[in-house]
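Okay, structure first, notes after.
None of the values given here were measured: they were computed from a predicted structure.
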Amino acid sequence: MIREYQTISEIASPLMMVKNVEGVTYDELAEIELPHGEKRRCKVLEVDGDVAVVQLFESAQGINLAGSKVRFLGHPLQLGVSEDMLGRVFNGMGEPIDGGPAILPEKYEDINGLPMNPSARAYPAEFIQTGVSTIDGLNTLVRGQKLPIFSCSGLPHAALAAQIARQARVLGTDESFAVVFAAIGITFEESEYFINDFRRTGAIDRTVVFSNLANDPAVERISTPRMALTAAEYLAFEKDMHVLVILTDITNYAEALREVSAAKKEVPGRRGYPGYMYTDLATLYERAGRRVGKKGSITMIPILTMPEDDKTHPIPDLTGYITEGQIILSRELHRKGIVPPVDVLPSLSRLKDKGVGEGRTREDHAGTMNQLFSAYAAGKEAKELMTILGEAALSETDKKFAKFADEFEQRYVNQGNQTNRSIIETLDLGWELLSLLPRSELKRLKVEQIEKYMPKKAEEE
């Protein structure tokens with residue numbers, strides 16, 4: 001039921017107070033009509049008796065308290081969904097911005113979907129190939145997982161996000177695969193980079209893009225990831241597609257949350273962020289996964305820039321609690337010119353063991369993964385020792401590990417943003433690098449796997 005009021009008492013952008021309201025509910029969508037007929041959208045944030053606090057999605061500029069009307073529409077913010085969304089670009093409110101026609105929706109969905117019920121979850125197990133060796137080989141992504149990328153300001157996380165969106169696919173099946181890409185609070189230049197990259201490579205045909213720019217209202221930033229997840233849920237659980245959701249940048253989302261919380265005069269928590277930020281982030285992240293009895297799935301890669309490169313900052317800290325691991329980008333590797341600059345050792349995929357092995361990737365995957373981690377850690381340690389004591393202090397084995405660490409960074413990590421490696425290519429490259437080490441040091445590999453996969457040239461040497 002639509003209710004209309006002309007009782008706006010106060011505006012403190014982006015908030016507005018409306019008095020003498022009846023039957024208005026939390027999160028209800030509303031529109032404000034200015035005296036000259038212009039309409040702007042808003043939603044109910046709080047109801048106290050007959051007073052509603054309403055949050056504007058657009059600027060408060062030009063609103064006349066006496067002459068403006070507020071119309072409550074009786075339903076929350078919704079997204080019209082259909083398969084026609086694939087290949088299209090929308091703003092943070094779900095409106096097309098690519099010059100194409102409006103979507104003819106099959107139905108309208110409330111964007112405030114519920115986190116998936118734990119008892120309805122199916123355990124993530126199937127391998128997803130991203131074409132990026134540091135993820136596929138060492139921090140494997142599985143279908144239904146939430147695996148964030150922790151970046152630092154100025155690092156090329158946008159290029160890595162576009163690469164994953166372009167290259168990701170499910171192996172060995174003819175099942176439908178789609179990407180939902182949500183850009184939150186980014187610059188126009190970044191937005192154009194993503195959209196043009198998807199169009200240039202043809203990836204746009206299986207991608208739904210939601211783009212919220214830095215100059216758009218902060219409130220729209222809060223709705224953008226929810227729009228994206230609503231589209232993903234429709235494609236995954238009603239159209240049986242396997243959907244990869246990429247959200248960049250979660251830090252901008254959290255900043256918008258803090259801005260709105262301050263406008264509401266709420267008591268701040270850590271570093272000024274609202275105390276409910278953990279719960280709020282969980283309502284986003286926990287919408288990803290696999291459901292029992294459903295063919296489709298939602299896999300999520302949230303990307304966030306850590307303020308001051310600090311892993312203990314509330315945003316990466318809380319994200320790490322909710323998600324299943326993290327991929328960490330390194331400023332040191334970026335300075336060396338390594339692309340993508342993935343710092344392998346602190347990165348982690350908690351579900352990697354579930355998606356590797358015979359029938360999923362290859363029988364030797366778990367062994368090579370563990371051996372590469374171990375050898376790279378030993379090589380980094382040897383290089384640090386060399387810096388302090390000089391090369392003369394190293395044993396011959398230490399020198400081989402130091403050489404391995406350099407080769408590993410240059411050949412395995414440094415693959416560039418245009419190279420799409422299959423998992424077999426990634427595993428074979430791992431064996432090539434392990435051939436630089438003495439066979440006696442390969443303690444995490446089975447003898448029969450060494451015989452089968454070690455390059456024969458290395459065996460002869």
Requested in this report: Name all pairs fulfilling the ring pair (Phe, Tyr, Trp, His ring centres under 6.0 Å) condition that reach into residues 288-315, sequence neighbours left out, sorted by first residue then second.
Outcome: Tyr273-His313
Query raised in the report: What pairs of residues pass the ring pair (Phe, Tyr, Trp, His ring centres under 6.0 Å) test when at least one of them lies in residues 114-133, not counting sequence neighbours?
Result: none
Query raised in the report: Looking only at atom types and distance, does a side-chain atom of Arg360 sit under 3.5 Å from a main-chain N or O of Ala125, one as donor and one as acceptor?
Result: yes
Query raised in the report: Of all residues at least two apart in sequence or in a different chain, which pass the side chain to side chain donor-acceptor pair (under 3.5 Å) check with Asp428?
Result: Arg362
Report summary line: Sorted by chain and number, sequence neighbours left out, side chain to side chain donor-acceptor pair (under 3.5 Å) with Tyr376 holds for Glu409
Query raised in the report: Sequence neighbours excluded, which residues qualify as side chain to side chain donor-acceptor pair (under 3.5 Å) partners of Thr361?
Result: His365
Query - Listed once per pair and sorted, the ring pair (Phe, Tyr, Trp, His ring centres under 6.0 Å) pairs that draw on residues 209-236, sequence neighbours left out - result: Phe90-Phe210
Requested in this report: Can you sort out the partners of Glu238 under salt bridge (Lys or Arg N to Asp or Glu O under 4.0 Å), two or more places apart, ordered by chain and number?
Outcome: Lys107
Query - Partner set under salt bridge (Lys or Arg N to Asp or Glu O under 4.0 Å) for Glu381, not counting sequence neighbours - result: none
Report task. Mind checking salt bridge (Lys or Arg N to Asp or Glu O under 4.0 Å) for Lys403 and listing every partner two or more places apart, or none if nothing turns up? Result -> none
**Report entry** Cationic N near anionic O, under 4.0 Å, Asp216 to Arg221
**Finding:** no
Report task. Could you check Lys400 against Leu436 for side chain to side chain contact (heavy atoms under 4.5 Å, CB included), going step by step and ending with a plain yes or no? Result -> CA-CA 7 Å; Lys400 285 182 177 176; Leu436 299 171; over 6 Å; no
Query raised in the report: Residues two or more places apart in sequence or in another chain: which of them pass ring pair (Phe, Tyr, Trp, His ring centres under 6.0 Å) with Phe194?
Result: Phe181
Query raised in the report: Can you tell me how far OG1 of Thr323 sits from CD of Gln145, rounded to the nearest 0.5 angstrom?
Result: 9.0 Å
Query - Salt bridge Arg166-Asp197, side-chain N to carboxylate O under 4.0 Å - result: yes
Query - Partners passing salt bridge (Lys or Arg N to Asp or Glu O under 4.0 Å) against Arg226 (at least two apart in sequence or in another chain) - result: Asp280
Query raised in the report: In chain order, what residues pass the side chain to side chain donor-acceptor pair (under 3.5 Å) check against Lys264, with sequence neighbours excluded?
Result: Glu266
